[in-house]
Amino acid sequence: MALKSRHLLGLDGVSGEDIQLILDTAVSFKEVLERPIKKVPPLQGKTIVNLFFESSTRTRISFELAERRLSADVVNFAASGSSVSKGETLKDTARNIEAMKIDMVVIRHASAGAPHFLSKVVASNVINAGDGAHEHPTQALLDMYTLREKHKTLEGLRVCIVGDILHSRVARSNIFGLKTMGAQVSVCGPATMIPREISRLGVPVYHRLEDVIPKVDALNVLRIQLERQEKGLFPSLREYHRYFGVTKERVDRADRPITILHPGPINRDVEISADLADGEHSVILQQVTNGVAIRMAVLYLLGSSN
Ligand code: CP
């Protein structure tokens, strides 16, 4: 079985069959990660470069682990300390790297569309590890994997994405992927943080947690991106927590357990209370574990298509 595209640039337009294939392949790789020797040979002889032009902890480490678990040779690139700081363009950086015979490129970039551009100028497979406020497909895939593991199916699952939807690549990829897989997706946040075009994506919008919590099976709580709040979209962190903080007290009012996801990094007691993040219905650390299996599945499926 193979994916229809040789790149993973986003989940917009990716078919349900391809998402299913990635999720099912990740099940086998999760089993590999539970063995005493967590290494398999499929990408032996392949070289992968991780191009991180923006900071990352989870995604960068998770991709590198996934690549090494699949026996690939790995090269890490960080924009600081590279020739990017001397004015080199993305195209020239990528072409120079490719001249060193790289098979696959994983890229995180602050500009939406950077991975798409790259896929047009290099011959390697390109994987988007987050581009601006556009898409973060492997994050959404690991979120879907974690939800499917917990709830058995995504079909009909009611998931609300809470918080700063405006700046969120995680929200966009989750909306595309979850809707394709038949989930009922909604969003909740302050009006200033919900993009006007959201209605085109066909998701109901809520502005009060109290209105949506009784109607969902899972809440995917987004990080308040403190670095992108230059426009004063909410009065203060305390105000934000008061109205949109997902707390144990709020969630416990529902008549059933609600699964709590967060892509990380967490601002504790801002968008989510510490007791809820560490509580029995939180799957935040399972998301991190599953991220390695999902990235192994994506790398394996794309790497085997060459
Ligand atoms: N979830 C996520 O993308 O985290 P990092 O920014 O640490 O990679």
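Whatever order the structure lists ligands and atoms in, that order sets their numbers, starting from 1. The basis for the numbers below is simple: all heavy atoms, side chains too, and nothing from hydrogens, waters or symmetry mates.
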Exercise. Please report the closest heavy-atom contact between Tyr240 and Gly163, naming both atoms and the distance.
Key: OH-CA, 3.1 Å
Quiz prompt | For His109, all residues meeting ring pair (Phe, Tyr, Trp, His ring centres under 6.0 Å), sequence neighbours excluded | solution = Phe53
Exercise. Answer yes or no: is there a donor N or O on one side and an acceptor on the other, between the side chain of Asp131 and the main chain of Gly113, under 3.5 Å?
Key: yes
Quiz item: Would you find a donor on one side and an acceptor on the other, under 3.5 Å apart, between the side chain of Ser273 and the backbone of Asp269?
Solution: no
Practice problem: Sort out the contact shell of ligand 1: every protein residue with a heavy-atom distance below 4.0 Å, listed by chain and number. | Solution: Ser56, Thr57, Arg58, Thr59, Arg108, His136, Gln139, Pro263, Gly264
Quiz item: Got a sec, which residues hit salt bridge (Lys or Arg N to Asp or Glu O under 4.0 Å) with Arg238, two or more places apart in sequence or on another chain?
Solution: none
Quiz item: For Asp252, what residues pass the salt bridge (Lys or Arg N to Asp or Glu O under 4.0 Å) criterion, not counting sequence neighbours?
Solution: Lys248
